[in-house]
Amino acid sequence: MTTLLDLPTLWAFVIAVAVFAYVVMDGFDLGIGILFPVFAPGPERDSAMNSVAPVWDGNETWLVLGGGGLMAAFPLAYAIILPALYAPIIAMVLALIFRGVAFEFRWRDPGHRRYWDFAFTTGSIVATLAQGITLGALLQGIVVEGRSYAGGWWDWLTPFSLLVGVSLVVGYALLGATWLVMKTEGAVQNHSFRLAGKLAIALIACIGLVSVATPFLSGAYYERWFAWPQVLFTAQVPLLVGLCSGMLLVSLMRRWEYWPFLLTLALFALCLLGLGVSMFPYVVPNAVTIHQAAAPHSSLQFMLVGASVLIPIILAYTGYSYWVFRGKTGHEGYH
């Protein structure tokens, strides 16, 4: 029986949404870890960590959904991408475990808190850098022969992948700073406003560098961005990035509390849209399309039934937890 529903494209959209949800949910959490050394030990660091204490441990749900969805919906792509990116992916997983342990133990072992703080920061930076390098390595292309990865162990390590990694560190740090602007008061909020102003300028510069470099990674990328008439559509992405960037800087100068975080998320969404413009319809750039990598139609249908049940449940409990712990953190926090 035929169907009008393009299940591979739908699953590609689901995975993209899961990735963006992960950025929304875990980006500011990792960003706080990245910024941790610039906050004074004691009340400042405690307030920063208290702001994410009720929600941090559910944020990786979306990372699992994205990775698991890639394996189940696009097994060929999973089998090609994982061998190419084992090193940064393993580094990311270990760093996330490391920072999770440090998050809990800094409260339960105050005698060694400075070591747990160091572990929390290191885990946050390594996890973020690894995520950015993974994205950059995927975007720059993976060597494929037949149905297998044919490159070397260090192909993922290039100037472009490092640029994307550093850019993501800056972006998550900005998410962390703007989250603290929303969730804290007094000295911590003032400090966060100052950090956010500097990080916003740095992120805009990083987005510009990555955007300039990406079309020249591949002739196909250049064609998708600049060929006529689709340039009439693709040109809207940098225009919107410029608009959001200007609004972000204005919101920080006027010390608005909520708009800086929302506008930073908008910048991330536009970057994800730009990634889609560059890659679609490929899941392994210029090598394997989403339709070539997709699981059998019956499997995609079966998984869609489960996803249609589980994703609303995840959204419901996530929304409820953020609703319960809305508002300012306060000095006493949740511990």
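Everything numeric here is computed off the predicted structure, so don't read it as measured data.
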- Can you tell me how far the OG1 atom of T318 sits from the CD1 atom of I313, to the nearest 0.5 Å? 11.5 Å
- Query: From T158 OG1 over to L163 CG, what is the distance, rounded to the nearest 0.5 angstrom?
  - Reply: 9.0 Å
- Item | F302, CZ: over 12 other non-hydrogen atoms inside 6.0 angstrom | no
- Query: Nearest heavy-atom pair of A102 and A119: which atoms, and what distance?
  - Reply: CB-CB, 3.8 Å
- Message: Using a 6.0 Å cut-off, check whether atom CZ of F118 has over 12 heavy atoms from anything other than its own residue.
- Response: no
- Query: Nearest 0.5 Å, what's the CG-CG distance between L270 and L239?
  - Reply: 10.5 Å
- Non-neighbouring partners of D29 that pass salt bridge (Lys or Arg N to Asp or Glu O under 4.0 Å), sequence neighbours left out: R99
- Note on the structure: Here the pair of heavy atoms bringing A16 nearest to L272 is O-CD2, 3.8 Å
- Message: Given W116, which partner from the list F105, F98, F103 fulfils the ring-ring contact (aromatic ring centres under 6.0 Å, His included) test?
- Response: F105
- Message: Are F28 and W179 an aromatic pair, judged by ring center distance below 6.0 Å?
- Response: yes
- Same cluster or not: are V170 and V126 linked, directly or through other Ile, Leu, Val, Met, Phe, Trp or Tyr residues, by side-chain heavy atoms under 4.5 angstrom apart? no
- Item | Y322 and M25: CA distance, side-chain angles, deciding distance, side-chain contact (heavy atoms from CB on, under 4.5 Å) verdict | CA-CA 10 Å; Y322 279 86; M25 302 297 177; 3.8 Å; yes
- Nearest heavy-atom contact between F160 and L139 is CZ-CD2, 3.8 Å
- Query: What distance separates I207 CD1 from L203 CG, expressed to the nearest 0.5 Å?
  - Reply: 4.0 Å
- Message: Would you say NE2 of H291 has more than 12 non-hydrogen atoms from neighbouring residues, nucleotides or ligands within 6.0 angstrom?
- Response: yes
- Step by step, work out the side chain to side chain donor-acceptor pair (under 3.5 Å) result for Y221 and Q140. CA-CA 10 Å; Y221 290 167; Q140 73 189 5; over 6 Å; no
- Message: Between Q189 and E257, is there a side-chain donor-acceptor contact under 3.5 Å, judged purely by atom types and distance?
- Response: yes
- Item | I142 with V288, same ILVMFWY side-chain cluster at under 4.5 Å | yes
- Message: I want to check a possible cation-pi pair here: R106 against F120, using under 6.0 Å from ring centre and within 45° of the ring axis as the test.
- Response: no
- Message: Same cluster or not: L310 versus L65, using hydrophobic residues (I, L, V, M, F, W, Y) connected whenever any side-chain heavy atoms lie under 4.5 Å apart?
- Response: no
- Mark yes or no for whether T178, through its side chain, and L174, through its backbone, hold a donor-acceptor pair below 3.5 Å. yes
- Before giving the answer on side-chain contact (heavy atoms from CB on, under 4.5 Å), spell out for K183 and N50 the whole-Å C-alpha distance, their side-chain angles and the decisive distance to 0.1 Å. CA-CA 10 Å; K183 298 292 289 184; N50 279 329; over 6 Å; no
- Donor-acceptor pair, side chain of S161 and main chain of I133, under 3.5 angstrom: no
- Task: Please list all pairs passing the salt bridge (charged side-chain N to carboxylate O under 4.0 Å, His left out) test where one or both residues lie in residues 142-157, with sequence neighbours left out.
- Result: none
- Where do F226 and P215 come nearest, in terms of heavy atoms and distance? CE1-CB, 3.7 Å
- Query: Taking all atoms of both residues into account, what is the closest heavy-atom pair of A77 and V283, and its distance?
  - Reply: CB-CG1, 3.5 Å
- Hey, could you give me the OG/OH distance between S218 and Y282, rounded to the nearest 0.5 Å? 9.0 Å
- side-chain contact (heavy atoms from CB on, under 4.5 Å) partner of L129, the single match among L168, V164, V169: V169
- Message: Could you check whether F268 and F20 have their ring centres less than 6.0 Å apart?
- Response: no
- Could you state whether I89 and I125 fall into the same hydrophobic cluster, counting links through intermediate Ile, Leu, Val, Met, Phe, Trp or Tyr residues with side-chain heavy atoms under 4.5 angstrom apart? yes
- To the nearest 0.5 Å, how far apart are CD1 in I204 and CG in L209? 12.5 Å
- Task: Return the minimal non-hydrogen interatomic distance between Q292 and L76, and the atom names on each side.
- Result: O-CD2, 3.8 Å
- Item | Check against side chain to side chain donor-acceptor pair (under 3.5 Å), Q131 and Y172 | CA-CA 11 Å; Q131 289 175 17; Y172 279 1; 3.0 Å; yes
- Task: Applying side-chain contact (heavy atoms from CB on, under 4.5 Å), run through L265 and L175 and close with a yes or a no.
- Result: CA-CA 8 Å; L265 289 180; L175 277 175; 3.6 Å; yes
- With side-chain contact (heavy atoms from CB on, under 4.5 Å) as the test, would you mind laying out the steps for N190 and R255 before giving the verdict? CA-CA 9 Å; N190 291 332; R255 295 181 65 86; 2.6 Å; yes
- Query: Is there a donor-acceptor pair closer than 3.5 Å between any side-chain N or O of S278 and the backbone N or O of G274?
  - Reply: yes
- Contacts of W154 that satisfy ring-ring contact (aromatic ring centres under 6.0 Å, His included) - sequence neighbours left out: W156
- Atom CD of E223 with >12 non-hydrogen neighbours under 6.0 angstrom: no
Show every donor-acceptor pair shorter than 3.5 Å between a side-chain atom in residues 32-45 and any protein atom, with sequence neighbours excluded, or say none if there are none.
{"from": "E44", "atom 1": "OE1", "to": "A40", "atom 2": "N", "distance (Å)": "3.0"}
{"from": "E44", "atom 1": "OE1", "to": "H191", "atom 2": "ND1", "distance (Å)": "3.4"}
{"from": "R45", "atom 1": "NE", "to": "F36", "atom 2": "O", "distance (Å)": "3.3"}
{"from": "R45", "atom 1": "NE", "to": "F39", "atom 2": "O", "distance (Å)": "2.9"}
{"from": "R45", "atom 1": "NH1", "to": "D117", "atom 2": "OD2", "distance (Å)": "3.1"}

- Got a sec, which residues hit ring-ring contact (aromatic ring centres under 6.0 Å, His included) with Y86, two or more places apart in sequence or on another chain? none
- Residues sharing V250's hydrophobic cluster, by side-chain heavy-atom contacts under 4.5 Å among ILVMFWY, directly or via others? M253
- Task: Report yes or no: do W259 and V181 belong to one cluster of Ile/Leu/Val/Met/Phe/Trp/Tyr joined by side chain heavy-atom distances under 4.5 Å?
- Result: yes
